[in-house]
Every structure is written in structure tokens, then in C-alpha cells.
Amino acid sequence: MDSNGGQALITMVALAVARVLQVCNFCITNSRRNRGSESTLRLDDGSGEEEEALRRDSESTLRTDNASNEEYDVFLSFRGPDTRNGFTSCLYNGLRNAGIRVFYDNEELKVGKRIDGGFSKALDKSQIYIPILSKGYTNSKWCLREIAHMVKCTSTSNGKKEILPIFYDVNTDDVKLKTKLYKKAMSEHQKKFRSDELKRWKDALLEVASMKGWDLKGKGQGEQIELIVEEVSRKLNSKCKIVTEHLVEDTAQMEAIMELLVVRSGGVRFDGIHGMGGVGKTTLAKVMFNKLISHFERSSFLEDVRASSQSHGGLLELQKKLLSDLTGHGIANKIKDGDDGINMIKQALSNKEVLIVIDDLDKKEQLKNLAGKSDWFCSGSRIIITTRDESVLMAQVGVFSKEVLNQPEGILRYEVCGMRFDLALHLFYKHAFRSDSTPEEYGALSTEIVRTVGMLPLAVAVIGSNLFDWGKDLEHSDKREVWDKTLKKLKEGPFKDVQDTLMISYERLEDKHQEIFLDIACFFITTDKTYPVIMWKDCGYFPSIAMRVLSQRSFIKIKEDNRFWMHDQVRDFGRYIVLQIYPRKFCRVWVPKDALKLLEGKKRNEDVEALSMTSDGCSRSIESKELVALPNLRFFRMKGIDILGNFKNLLLELRWFSWEITHKEFYAKSFHFPNLVVLDLSRSNIEDDWGGWSQMQMTKKLKNLDLTDCTKLTRTPDFSNFTSLETLVLARCSNLIAIHPSISKLQLLETFNVKGCGSLQELPEEVSSLQSLKHIIMPENFQPLKLPERFGNLKSLLSLRLSLHPKMCRLPNSIGGAMNITCLTLRECVGIKELSSSIGELKMLEELDISNSGIKLRVLALSRTKIKEFPHTIGGLEMLEVLDAHKAWDLTDKNLEEIGKLFHLKTLVLAFTSVSRLPPEISRLHLQKLDVGSIDLQQVPSLPSSLKFLVVQAMDFSVVPHPSSITDLEQLELYRFSNLRRRHHSTRRDYDSKLKAALMREQPCYQLPSHLSDLKLKSISPLPHFSNLLNLRVLHVIECPISRLPVTLGLIHLRKLYIIRCECLEEIPGLSLLRSLERLELKGLNRLVEIQGLSELENLQYLLLSSCDSIGQLPNLSKLGKLQHLELEACPNLRPIEGIEGLESWVFGSRGRTILERLLNISRSTWFSHRLPITNVFLSFKGPETHHSIVSYLHSRMLWKQMAVYSDNDDLRSNEETGEKILQALANSNIYIPIFSRNYASGHWCLRILAHMVKCTSESKGKRRILPVFYDVEIDDVKLKTDLYKSDLDKHQANFNHDETKSWKEALIKVAALRGFVLKNNSYEEVLQSVTEEVYKARKLLDVDS
């Protein structure tokens, strides 16, 4: 036998042996698997021979047919040759040993099988899928079919199934098909399979690649298998929460909560779901938990925390359960007390994305122990809280020392609303009929029951279930009778189960809060809160706190129109308390027949506090002797009832009397009550000579007088004795023509309402003396209406609304004196053609409405305002020429298209806003100037061809159209955001991530319009072509990432060139071509070594070099005959300059600024020189109030005095920390001027800078000074002797460490003790003059000293 034959024989024998061993191995393994019937294992050999494929096919058929009848916990999918004998085998055994039922899938055994056979059933019956993604995984069509089926199953499982991928020896980019590894295999499959199937496989791979799983690269596989087994065990043990059997999902509320959660984004989010008891908070939380559980590594649902934490050690047990759910029993059992638990939770959860639901929280202490701060958790975690008490959600969970993307500062809140009627009806059907619909004969009755209980889910479910139980064994007629009786009972009050739920919250209220709740339930639903609040205040009930508590605990809502709202079930519960539970029966009587019965009994009843008799048709009179029996009455309301008798020493506790009078005769005597604060006579039939006025004059404490709809009044009564009056309402007194002059006596009056007084033609001059008046609600009057000439004396007035006064011709010239007005409305005042010049003095004005008036507004300036959107009516300002919203940071795109209607608009400024797009309508305008800039800018349409001035600031200039078509453009500024680190609307990470994405996109290289005269480029790369810019006179190149700036012949007419902070710039070739250049400024060019061609610039007059560290030698400047000004700043390596007489041996320092100036008007050119420090003065201030007033004046005054000034404002601050530039400016300054305004201490950066000033001054040995200016505060405020700054410091203490806040306090007290300037005691000019003189003296002393 030759060698080839021998080799063949050896091969055949080897194959035969291998096959025998394979069969033996299969049989042994198979027998083992049969002993553990919970799982299925299929092996392969991967040899590829046809008979082996057929054999494996038959075996596979047998195994999968058996498997299809079993249910599994876990389905393993893997590529046999890659992982079968190693990792997968170990993982399988680890899962089995943990008691987990595993379907052990091996794609090699599936030759010829269809995925929709037994394997499909095994996939469908598994809860967790684990695809083991190896390098050869996508070579197998079976693996791809399985992974596609997994994705399909999970997407339709309502959160009950999930995929946990293992990245065995691949990266997520491989699975996302971003590399060649899986792409190559997919290309091979493309030849054999349909495109729709290939698309399913690709989509599945992309989906799975984005899921949380395990990356095994570089990690110990044994340790990872332990983690996997633990995680799978945990997920199987704590899967979905059991939700009520008859669930009706409220998708609108679920979507609203999902918007708050922003799952799969960064940051840690706390979301609070609050609402009244029984509204469905827990059910909603369970549904959300079930839907979201698959998106997180670990999850825990802590039920009924309020009840669980009441027992001794209850909070500790909750901590243990939380840790057990999220980490296993081992760690949970180690904790000994609450503090130990907190530390354990922090340590164990800081690196895991978790989902936690804390259900029915009622104390902040519970949250503090279970999920106290956001930095306890890994970014991506979500904590959902349910509570009846909204105040619990005001706990501070943010950590401000960290800057985290997508990290809200506190707990986001969502109030659960009552169910929509259709959903409540559906829920009722499910409980009452165990069906999605109702029998026709019960349809109307079902609707009425659901409406009666007010769509409260708890009430709907309880009543529906009871009706089902009561009626299931009854005949139709008996069942119908039960339903009718139930409806009748419901109309009398809530079911006991509902009462019990609400009673839990009621009993936790303080006594006074309970009193206010019962008042609202019995009398004040849909009532404006103003009068009740006055009554409660006078009774010592502290209504502000009570209303906040009641609102937070979902007993009431205060609607936008200031009226109380209460759910019908809560109202009925409150009235049930009064009638059945309250210790003082009949304390509140709101049913007219009950009130009459009470009065007729004449039995003394000290329990009655409130009485209402407002039934129409009641003609009965009340005598004083009937009211003797009610000594503690504080609220009395009646309608159409006459009062008789002597009321002396009666109703001494009465605070609020409401009387709708139908008869003009008045029979009572001594009808005045010493403690009355609210008198409401609205809708009364009284006239000017009504007899009750003289009686009422004795009511000294009266704060509110309401005469609304007293249509027979022509004149008001004498107000002389109502000196405590705070609110006077004369609304809709349609025949009122005169207001009594005694109104001048009402010096405490804050609100004056004459709305609807159509006959009133003037406000008396006496009104202008009301120094406390804040609000005047004016009539809409088609008659001429005259305001007092001294109207400007109303210093406290906050708003003036004069809508629909077509015959009013002007505002009083003194209007500017009412300096606190924030809102001025002149809508449809067509007679007013212009505004008084004094209106500019309204410094607090926030809202000015002149729509459809006679005023044609031409300029609208909204710079630095908090405006978020333009009003939709802005398009009606048809004559508007200038719209400036510069640095209105929060301004968005909403209603921006309305600008397209402003056909006279010439200037539009939207720089430093949050605008992301310009509407296409803008291209139709005849704009001459457009300035737009936002880090969010994504869309700019074609620009108006009329533009002469264009400024665009953006991250990505690929969205900006080519400006070359704007043929008349003269001035162009293009700024690319690149080093702006923080704005009001953007975190640093948010900014940096957007910038990183923009940097990936190629930026255009513009051909610029040839008519340009002025061009400014900031952070632009590549630079545009300059070849056609023969008209260009000024060029700024700022912070552009370029190594060379080539000067071409297109720039030969350039007069001014500024190159600033281009840190990579090494050369400026062609500079010598600029023979017309007159001014050259080079700043911050660290890599520029020499300035070639500088000596050829024969027309150069001004040369400035600053912070050019590498320049060692300038060329000989003797040819520059026209040079007059040479300025050198911080150029440490610069050697003596040749060509300038007297400077050959001049030594230039690394600090300070040297200015050289030459006089050319004498026979011999003479150079003069002097040095200045880099910065003389550092101004520190807070907000636009001072920026646009004293700071602006002071800054200008300093510059005029040739003092360098650094202003620390929001624009120069690089981030919320004291940035590097500010520290440098502080170090370079000699004089610090903090300007203390009312909100100075609210900014922590102001306090940091102040502390730094104090530190620098103390270390300077007298070379630095602090000169404080007290703008609108007292020195005691800064010394922390009042609450003004003290309250701000208290807030900071919650967010910053103790040492830092202590240094701020010490700095404030120290600076307040220094000699400074108090603006309150002096005029602006006096203070400016004093500060300037003091700074000038200080600078001279410091210069001499240096």
C-alpha cells in the first residue's frame, strides 16, 4: 500500500472511532437529560456530512416534539462550534443547579427543521431568552431565526418576557452590524434568503445589541456565570406585579408618566405619582412596573410602605426587602439598623440600573431611608413613588455638586386625575357584569351610577363588585330594585369602603385643617377662595398652610380662576363626617329645610358655626330672637329673607355675612357685628338711600365689601368708617355714576373692582391717594373714562387693565410714577395714539398689551427676559420694524411662523435663544438685519435677499443656506459654538454631546457675497474663500482651529484685521499684500513665532499684540511711518523692538500692558509710553436689575477714566463653578467692587467670588481693596441680621458643604463692615462719582506701591 493509501486508511479509521465515541457520548448525555426532564439538551458535531445531517434531523425531530409540551424559564440560543463544550455547558449546569428550567438550544441539530415547529413552542413558553452572541453566531440561519422570534415574543408580551444577551467574544458594534464580522455573514445569507427575512434578522440584531446584557471579553467566565445565574433567579422570582383582575388601562396617564421617566436615558429620575385615596395610584404604578421591568438590571416593588413602616422595625424590614430584591439575601441579612441599611443601599446599588417603586409613601423619613438621594443609584435608574400627600414629593433628592446629564433637581410630579368617563364606565361593566359591555336595560342606570360617584376608580370598582354579588342570584325585577336602591343611597353619601379609604387621610389632618376641609365640603365648592380665606384668617385657622396641605393630599384643588374644586365623593365624605361622625352635630347646616327647622326650634345650640339659607321661594323673615340661640355662628348666608328686631350684642362671632336682599325696606336695629370681616350684599335690590348703610357704618373690622350686581345703586355709600377695608367690589353696578370722595379714607384698600360699571365716566382724584392699592379692575367702557391726573401716585399698583375703552384718548402723564406696575393692558383702546413719555419709568413692567389699539408699535425689545414663546397674536403688530429677543434664553420655536406676517419688519434678533428652526415664512420678509443663534439650531430656510447684516450662531453650519446669493449683504458674522460650556437651558454634558455630534459632520466651505465690507468668523473651519472679497474692509478671525491664515489678493483693500485666540495658528502667509491695512490686532496666538511681512504694511497706524507667547522678535518697524499706536500685553519672550527710536533697550514684562504712542505733528517723531496692569477693577453683580443700571454706568465711567474693567456677569461665566477665566481676572485685579442687590446671595457663584475676593485681599498685604456698593439693600441685610440674605444662605446649606457656606457667610459679614457706598441714601450720580474717585485714588496708591 502506498503512502497515499495508508494515509486514507488512517483517516477512515479515525473517522470511524470518532463516530463511535460521538454516539456513545450522545447516548450517555441523553440518558442523563432524561433524568432531568425539566430541560432539553441537544448536541452536535458540526462535521457537515449528509448522513450526519439526516441523523441529526431525525434526532432533532424527536427532541423538539418532546420539548414542545414543556414550559421553560430560560431559552439558551448559541452557535455550537463556538461555545458548546465550554461556556454554554457551564452556564447550562449553573442554571439547572439553581432550579431553573432551561431549554438548551443548539442550532446544529436543526438541519431541515422549521422554526415554527417545536422550537417555536419552546420559545413561546420561555420567559427569559439568552442568546450567546459569538463570532460565528450569524453564520447560522437558525440562530438568526431564533433571535428574530425572541424579539417578536418580547415585543408582544406586555413586559412578561425579556432578552438578556451575552456578548461572548464580540462587541455591541459587531452586533449592530457596524463592523465586518456580522456584516460578512449577512452578505452570504443575502444570496439564499428573501429580503424581508433578512430585514427581520438585521432588525432583531440591532434591537438585541441595545439591550442590557453581559460583556464577557476580558472577564472570568466562572464569576460571570455566577452573576448571570443570580440575575436570572432574581428576575424569575420578582417578575410582574399582580394587577387587579378587571383592569382598564388609562393609556393617556401612562404615557404622561412615561414622558417623565424617559427610560433608557441617563441620569437618575425620581417620579412621584400623587392623588387622593382610591384614584388608582397603586394600580397605575403596578402597570408601569410590569411594562418597564425588562429595561432594568434589577427591580423592586415595595408595597404599602405607610402601613409597613408603622410597626417597630418596619423601615428596617423594608430596607431588607429592597436589598433582597436588588442584590439577594446575603447583603440584606447583614444590616442591623436604619443607618446601616442606608449605607448598604448606597454601596450595593451605585453601579446597577434599577427600577424601584415605593408605594403609598406618607413621610419624608421613609424616602430618606429607602432612596434618599440620586447619587445612591447608577445613572439610568428610575424611582417611582406613590403618595396621597404631595408635600412628601418636595424632599430634596438632587446632588448639586455633581453635573449629570438628564438629571432633574428634585422629584418630578404627576397628579393622577379621575378616570375619563368612558374608561370609568368600562371599569364598571367589568365589575358589575364581568363583561366589557352592559345589558341594554341597565345602560342608563350604569351611566347614572358612574356619574354619581364621579369616576373615582375605587368607588366604581367597589360599587360594581357589590352589585354583581348582590344580584347574581336574583330575578330581573329584584335585581333592578337593588340597583335603584343603591343609586339612591349613593346620592346620599359614599359607600363604606370608599369612606374608609378617605378616612385614613382625613384623620391625619390637623384639627384646623379638618375645619377648613369641612367648610369647603359643605359651603365653598366652586367658590372663589378670597372671602373664605379672610374668614379663616380671622378665626386663627392659618388658611395658607391648610389649603396647601389639603391640596397636596388631594382633598381639594384650587382652579386657575381661584375657585375651590372637590371630587364629588370627597364632598359627600365631608358632609357625611358632619352629619354622622363629627362630635358637634349640626355644626354646619347647608340644607335650607334643616336650617329653618333649627331656627324654629329656638333651642340654644353652641355647636352651630355656619348656616346657609339660600333656597329660592323662601319668603320667611328671621327675627333677632331666633338667632340668640346661635351664639357661635361665624358664617351666615341667606337669600330673599328679611331681618327683624334688635341685634345688639348678637352674633358676636360672625365673620362673614352674605345677604341677597330682595326688599329695599330695612327693619333691623343695631345691625352691626364687631368681628365681621366680610360683608357680601351682591345681587341685592338696594338703592342709594337704603336704611342699612347707617347701621353698617359701625362695623369697624370690615375688610371686604362686595356690592356686585347692585344695579339700582347710582352712588356708593360713605366709606368714612370702613377704614379697615382691603377689598371693595362694585362689579356690574351698571347704573353707578359716582364714587364717594371718602374713598380717600381707605388707606388699606388693596383691590378696587369697578368692572362692568358702564355708566362710570371717571375715577375721582381721591383714588390716587390710595397708597396700598395694588389692583384696579376697570370696566370695559364705551363712554369716555377719565383717570386721575395724579394716577402716578399709586406706588403700590401692580396691574392696570384698560381693555375696550375706544373713547379714552390718553393715559395720565404721571403714569410712570406707578413704578411697580407689572401689567399694562390697552387692548382695543383705539383712541390712544401714543404712550406717555413717562411710561419708560415703569421699570417693573413685564406685560404690555396694545393689540388693536391706536398705538402702532415699531420696536419690541425682549432682551434678557424669561419669555418662552412669542404670543400667537404677534403677527398683528403690523407696523413693527424691530423685534429683539437677544439672550431670551428660554425662547422656543412656538408661534415663530407668526413673524412671517410682519411685513414692515427690518431687524430680527434671536441670538442666544432656544430657537431650533426659522420658519420658511421668514424668506418673504424684507429684513435688513437678521441675528439668530442657538445651540439647538437645526433648520434655517432660504434667507431674505434684502439682508444687509447677517449674524448666524450655530453648532452645525451644514443646516445654514449658502449666503452667496444675498447680493447686497454688507456685514456677515458666522459663529460656531465650540467652547460655550453652560447656558440656562443646557447642561455641560448635553452641550458637549451635541458638539461632538456636530463635529462629526463635514462643514461647508462658503463662497461669500462679493459686496461684503465687514466679516467676522468665530470657530469656523474650514475658512471660506476670500478671493472675491475686494470690497472687504474689516475681517475678524476668532478661535478658528487653523494652522495658517492665507492672505490672498482678494483682501488687498482690507483696513482692519483682528486675529484672536486661534491657538493653532503658526503663520500668516501673504500678510505683506495688505498694503491698505491700518489696524492689526493679534491676541492669544500661542504658536505664532514671527509675523512675516509686518514691516511692509506701510499704512499701518495701530498694532496690538497680546498673549502671543512664542513671538521673540518683531521685524524692523522703521518703514511703518504712519504707525501711531503700539500696544503690547503679556508677550513674555518679546525682545527689544528695532526701528522705533528709544525702544532698542526697552524690557517688556510678562504681566501688565505697555502702550506706546507717537506724536507725528512735530518735526521729530516722539514716542511716549506707559504701563497698565491687565485689569484694574473687578465688578461682581447678580442679574439684569443691576447690569442694565448701575453696572452699565460704572463700567462706562471706568473705561472713560482709562481703567480696565472685568464684569462678572452670566455671559462671561463659563459654567456654574468659579471658572478659570474668572479666577485669572480676580488674580489680575487690584480693586474689587461687589454690587449687593436683593438677589445677590441667591447666586452661589456670586458668593464664591466674594469669598475669593476676601481671600485675595487678605493675602495681598494691602495691595488689593474691596469697595462694596449697597444697591437696593441695607448693610444689615449683608451682615445677615435680616432674613433677606439669611434665607438664601439657608437654601444653599441644603446643596453645598458646610465649610463652603461658612466661608460665604464670613465673607458677607466682613465685606459689610468695610467702608462702602449706599445707593438708597444717595443719587446715582453721587455714588458713581464717589466710587470713581475712590477707585482712581486707590489705583494711584497701588501704582506707586508697585
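Here the structure is a predicted model, which means the values were calculated and not measured.
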Study note, to complete from the structure: Between Ser446 and Thr438, the two heavy atoms sitting closest are OG-OG1, 3.9 Å

Review point. Should the ring pair Phe433 and Phe428 be called parallel, tilted or perpendicular, given that the plane angle runs from 0 to 90° and is split at 30 and 60?
Key: perpendicular

Exercise for review: Indicate whether any N or O donor in one side chain lies under 3.5 Å from an N or O acceptor in the other, for Glu353 and Ser381.
Suggested key: no

**Study point:** N/O donor-acceptor pair under 3.5 Å between Thr386 side chain and Lys281 backbone
**Key:** no

Review point. Do the non-hydrogen side-chain atoms of Trp565 and Ile556 ever get within less than 4.5 Å of each other?
Key: no

**Study point:** Side-chain touch Val175/Thr172, heavy atoms, less than 4.5 angstrom
**Key:** no

**Study point:** Under 3.5 Å donor-acceptor, Gln127 side chain and Glu162 backbone
**Key:** no

Practice item. State whether Arg420 and Asp422 are salt-bridged, where the test is any N-O pair (Lys NZ or Arg NE/NH1/NH2 against Asp/Glu carboxylate O) under 4.0 Å. Key: yes

**Study point:** Carboxylate-amine/guanidinium contact Lys868 Asp890, below 4.0 Å
**Key:** no

Point to revise | Note: Glu415-Lys557 ion pair, threshold 4.0 Å (strictly below) | key: yes

Exercise for review: Apply salt bridge (charged side-chain N to carboxylate O under 4.0 Å, His left out) to Lys199 and list each qualifying residue two or more places apart in sequence or on a separate chain.
Suggested key: Asp203

Study note, to complete from the structure: Interatomic distance, OG@Ser437 vs CG@Leu425, rounded to 0.5 Å, equals 10.5 Å

Point to revise | Heavy atoms of other groups near Lys363 NZ, more than 12 under 6.0 Å | key: no

Exercise for review: Flag the pair Arg917 and Glu897 as a salt bridge only when some basic side-chain nitrogen lies within less than 4.0 angstrom of an acidic carboxylate oxygen.
Suggested key: yes

Review point. What about the rings of Trp376 and Phe270, do their centers lie closer together than 6.0 Å?
Key: no

Review point. Is there a donor-acceptor pair under 3.5 Å between the side chain of Asp360 and the backbone N or O of Thr387?
Key: no

Exercise for review: For Ser551 and Arg548, indicate whether the former's side chain and the latter's backbone hold a donor-acceptor pair under 3.5 Å.
Suggested key: no

**Study point:** Ring geometry between Phe517 and Phe573 (parallel below 30°, tilted from 30 to 60°, perpendicular above 60°)
**Key:** tilted

Revision key, fill the gap. Taking every heavy atom of Tyr129 against every heavy atom of Cys153, the minimum-distance pair comes out as OH-CB, 3.3 Å

Point to revise | Donor-acceptor under 3.5 Å (Glu448 side chain, Ala444 main chain) | key: no

Check your understanding: How long is the gap from CD on Glu390 to CG on Leu550, to the nearest 0.5 Å?
Key -> 12.5 Å

Practice item. Given side-chain contact (heavy atoms from CB on, under 4.5 Å), test Leu891 with Ser914 step by step and report yes or no. Key: CA-CA 5 Å; Leu891 183 66; Ser914 293; 5.9 Å; no

Review point. Can Ser391 and Asp389 be counted as having a side-chain donor-acceptor contact under 3.5 angstrom?
Key: yes

Study note, to complete from the structure: On a heavy-atom basis, the closest approach of Leu323 and Gly341 is CD1-O, 4.5 Å

Check your understanding: So does Lys352 have more than 12 non-hydrogen atoms from other groups sitting under 6.0 Å from NZ?
Key -> yes

Review point. Given the rule in the side-chain contact (heavy atoms from CB on, under 4.5 Å) test, do Phe75 and Lys125 qualify, once you have shown the distances and angles that lead to the verdict?
Key: CA-CA 9 Å; Phe75 186 106; Lys125 292 182 179 182; over 6 Å; no

Point to revise | Heavy-atom donor-acceptor pair, Asn562 side chain to Ile558 backbone, under 3.5 Å | key: no

Point to revise | pair Met150-Ser77: side-chain heavy atoms closer than 4.5 Å | key: yes

Point to revise | Heavy-atom closest pair, residues Leu393 and Arg413 | key: CD1-CG, 3.6 Å

Exercise for review: Specify the closest pair of heavy atoms between Val208 and Phe167, including all atoms of both residues, with the distance to one decimal.
Suggested key: O-CZ, 4.3 Å

Practice item. State yes or no: are the ring centers of Trp483 and Tyr442 separated by less than 6.0 Å? Key: yes

Practice item. Walk me through it: do Val287 and Asn290 pass the test side-chain contact (heavy atoms from CB on, under 4.5 Å)? Key: CA-CA 5 Å; Val287 173; Asn290 291 346; 5.8 Å; no

**Study point:** Val354 side chain near Ser300 side chain, heavy-atom distance below 4.5 Å
**Key:** no

Point to revise | Side-chain heavy atoms of Ile356 within contact of Leu322, under 4.5 Å | key: yes

**Study point:** Student check: side-chain heavy atoms of Ile358 and Gln366 closer than 4.5 Å
**Key:** no

Point to revise | Verdict with reasoning, Leu284 to Met254, per side-chain contact (heavy atoms from CB on, under 4.5 Å) | key: CA-CA 7 Å; Leu284 195 56; Met254 287 163 56; 3.6 Å; yes

Check your understanding: Are the side chains of Asp271 and Ile385 in touch, meaning some heavy atoms are under 4.5 Å apart?
Key -> no

Review point. If you measure from CE on Met288 to CD1 on Ile273, what distance do you get to the nearest 0.5 Å?
Key: 7.0 Å

Point to revise | Heavy-atom donor-acceptor pair, Arg382 side chain to Val262 backbone, under 3.5 Å | key: yes

Review point. Once you round to the nearest 0.5 Å, how far does CG of Leu205 lie from CD of Glu207?
Key: 11.0 Å

**Study point:** Pairwise distance CG(Asp359) to CZ(Arg306) - rounded to 0.5 angstrom
**Key:** 9.5 Å

Review point. Going through the distances and angles, do Tyr414 and Gln253 end up as a side chain to side chain donor-acceptor pair (under 3.5 Å)?
Key: CA-CA 9 Å; Tyr414 177 77; Gln253 300 212 69; 2.7 Å; yes

Check your understanding: CG/Asp362 to OG/Ser309 distance, rounded to the nearest 0.5 angstrom?
Key -> 6.0 Å

Point to revise | Side-chain heavy-atom pair Glu869, Leu896 within 4.5 angstrom cut-off | key: no

Check your understanding: So, does Ser324 use its side chain to make a donor-acceptor pair with the main chain of Lys321 at under 3.5 Å?
Key -> no

Point to revise | Atom of Met419, atom of Pro457 and distance for their closest heavy-atom approach | key: CG-CG, 3.5 Å

**Study point:** Electrostatic pair Lys286:Glu303 at N-O distance under 4.0 angstrom
**Key:** yes

